[in-house]
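Since the structure comes first, as structure tokens, the remarks are kept for the end.
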Amino acid sequence: MEIKANSGIEARQADSRHVDVLIIGAGPAGLAAALYAARAELKPVVLTGMTMGGQVAITHIVENYPGFSEGLGGPELGELFKTHAERFGAEIVYDSATEVDFSQRPFQVDTYGGSFLAKTIIIATGATPRHLDVPGEVDFTGRGVSYCGTCDGFFFKNKDVVVVGGGDSAMEEGVFLTRFANKVTVIHRRDKLRASSILEKRARENPKIEFIWDTEIDHISGDGTVQEVRLRNLKSGDPTRFKTDGVFIFIGHSPNTDLFRGQLELDEASYVVVNKYMETSIAGVFAAGEVADPHFRQVITSAGMGAAAAIQATRFLEAE
Ligand code: NAP
């Protein structure tokens, strides 16, 4: 038995690629971590997952990243982060983690293309847009239902669309959609927005934007593509039918932590629990960005967490 177990471990060691730092995720947190780990000469490997650049890469324009006073395109900023990390030796691997084993060191991470054994891990898998979970939403996704104005706005030229949500994303994307759409109707479940005052002002002053307050969508229907939503006033309970060509949903995000469930401590909303050093409940595993941050969720805070995680991973390796 002893020999069998050892040969299993040896086979695992031989088949896997050994790295000092494996970064899972290539948004602002992952790429900032890659830059710092690369400059510490740790030759980090970054697994990109499905979206190189993370959420910022599907954001039309970023106006609040310091140093870029005129704003710059989200895809461009994502590309700059990547180029910067690569310049110092980070390796970007276009693959996704499919399974992790943090029960022993080195930590094992399997991907579609192979397997890694890593002395340290930085989790930067970000978050995914939340769904409304109403009938019709799944059926019409890609056929009128969207979670990304930057990606899909163009398809709604001279059409009427609704935007669901009252936060910064809803206001920012709603204003962006007025470039294409005839009319954008924001449907919000309360009578006050959550968005920052600058974005609220911009949306309220846009002549193409209208608001429907205290209302939620409880059904999306159409014939091949979206044609109508059923609204329910949350104060009166009254249902109404509302004609629309598109439904853009911006109601927050959920952290991408399914892969780590049972291996690391997660909070009640499934975010990875980290301390101020970006350390998770397992020594040698760090987390940064929106996967571990339900509060700030900005490009700059995610990048800052990524840098901090890489600095701490460097110190952790040095201490060994
Ligand atoms: P958010 O701030 O969490 O806002 C989500 C909105 O969706 C809220 O208005 C919420 O209503 C509503 N909502 C949640 N669940 C709902 C449901 N089931 N049905 C209907 N409505 C629902 O999310 P976000 O707008 O995506 O922003 C996330 C973070 O990114 C924030 O920290 C934000 O400041 C940041 N962000 C910043 C910028 C920028 O600075 N330019 C741009 C985009 C995002 P309630 O208000 O009633 O809770």
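Numbering of ligands and ligand atoms starts at 1, following listing order. None of these values were measured; they are calculated from a predicted model.
Scanning the protein for heavy atoms near atom 41 (N) of ligand 1, the closest one is Glu172 OE2, 2.8 Å. Here the heavy atom of the protein found nearest to atom 22 (C) of ligand 1 is Ile251 CG2, 3.4 Å. Closest to atom 23 (O) of ligand 1 among all protein heavy atoms lies Gly252 CA, 3.6 Å. Ranking protein heavy atoms by distance to atom 32 (O) of ligand 1, first place goes to Phe296 O, 3.5 Å. When hydrogens are left out, the protein atom nearest atom 31 (C) of ligand 1 is Arg297 NH2, 4.1 Å; that is the closest non-hydrogen contact. The closest protein non-hydrogen atom to atom 34 (O) of ligand 1 is Asp168 OD2, 2.6 Å. Scanning all protein heavy atoms for the shortest distance to atom 11 (O) of ligand 1 gives Arg189 NE, 3.1 Å. For atom 44 (C) of ligand 1, the nearest non-hydrogen atom of the protein is Ser169 OG, 3.4 Å.
The aromatic rings of Phe176 and Phe180 stand perpendicular to each other, their planes meeting at an angle above 60°, with 30° marking the opposite boundary. Between Phe250 and Phe248, the ring planes are parallel. Angles under 30° get that label, and only those over 60° would be called perpendicular.
The two residues Ala309 and Ala288 come nearest to each other via the heavy atoms CB-CB, 4.1 Å. The minimum heavy-atom distance linking Ser115 with Asp110 is given by the pair OG-OD1, 3.0 Å.
Numbered from 1 in the order shown, with element, the atoms of ligand 1 that lie under 4.0 Å from a heavy atom of Leu132 read 19 (N). Less than 4.0 angstrom separates some heavy atom of Arg190 from each of these atoms of ligand 1: 45 (P), 46 (O), 47 (O). Residue Gly167 has at least one heavy-atom neighbour below 4.0 Å for each of these atoms of ligand 1: 4 (O), 6 (C), 9 (O), 25 (O).
The proximity of His188 to ligand 1, defined as any non-hydrogen pair under 4.0 Å, is limited to the side chain. Contacts between Asn64 and ligand 1, counted as non-hydrogen atom pairs separated by less than 4.0 Å, involve the side chain only. Neither the backbone nor the side chain of Leu193 has a heavy atom within less than 4.0 Å of ligand 1.
Panel note: side chain Gln263, backbone Val100; a donor-acceptor pair is recorded below 3.5 Å. A donor-acceptor pair is defined here as one N or O able to donate and one able to accept, closer than 3.5 Å; such a pair exists between the side chain of Gln298 and the backbone of Phe296.
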Checklist entry - Does the pair Leu264 and Ile123 meet the rule for a side chain to side chain contact (heavy atoms under 4.5 Å, CB included), with working shown? => result CA-CA 11 Å; Leu264 285 175; Ile123 297 171; 3.3 Å; yes
Next on the checklist: Please evaluate residues Glu79 and Lys82 with respect to the criterion salt bridge (Lys or Arg N to Asp or Glu O under 4.0 Å), reporting the C-alpha separation (whole Å), side-chain torsions for both, the decisive distance (0.1 Å), and the verdict.
Outcome noted: CA-CA 5 Å; Glu79 194 58 34; Lys82 172 176 165 281; 3.7 Å; yes
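Applying the ring-ring contact (aromatic ring centres under 6.0 Å, His included) test between Phe107 and each of Phe116, Phe286, Phe102 identifies Phe102 as the sole match.
The structure places NE2 of His253 at 11.5 Å from OH of Tyr147, a figure rounded to the nearest 0.5 Å.
The closest approach between Met171 and ligand 1 stays at or above 4.0 Å for every heavy atom of the residue.
The distance criterion of under 3.5 Å between nitrogen or oxygen atoms is not met by Val164 with respect to ligand 1.
Neither side chain, Thr244 nor Asp160, offers a donor N or O lying under 3.5 Å from an acceptor on the other.
Considering Arg194, His253, Gln298 only, the shortest heavy-atom separation from atom 45 (P) of ligand 1 involves Arg194.
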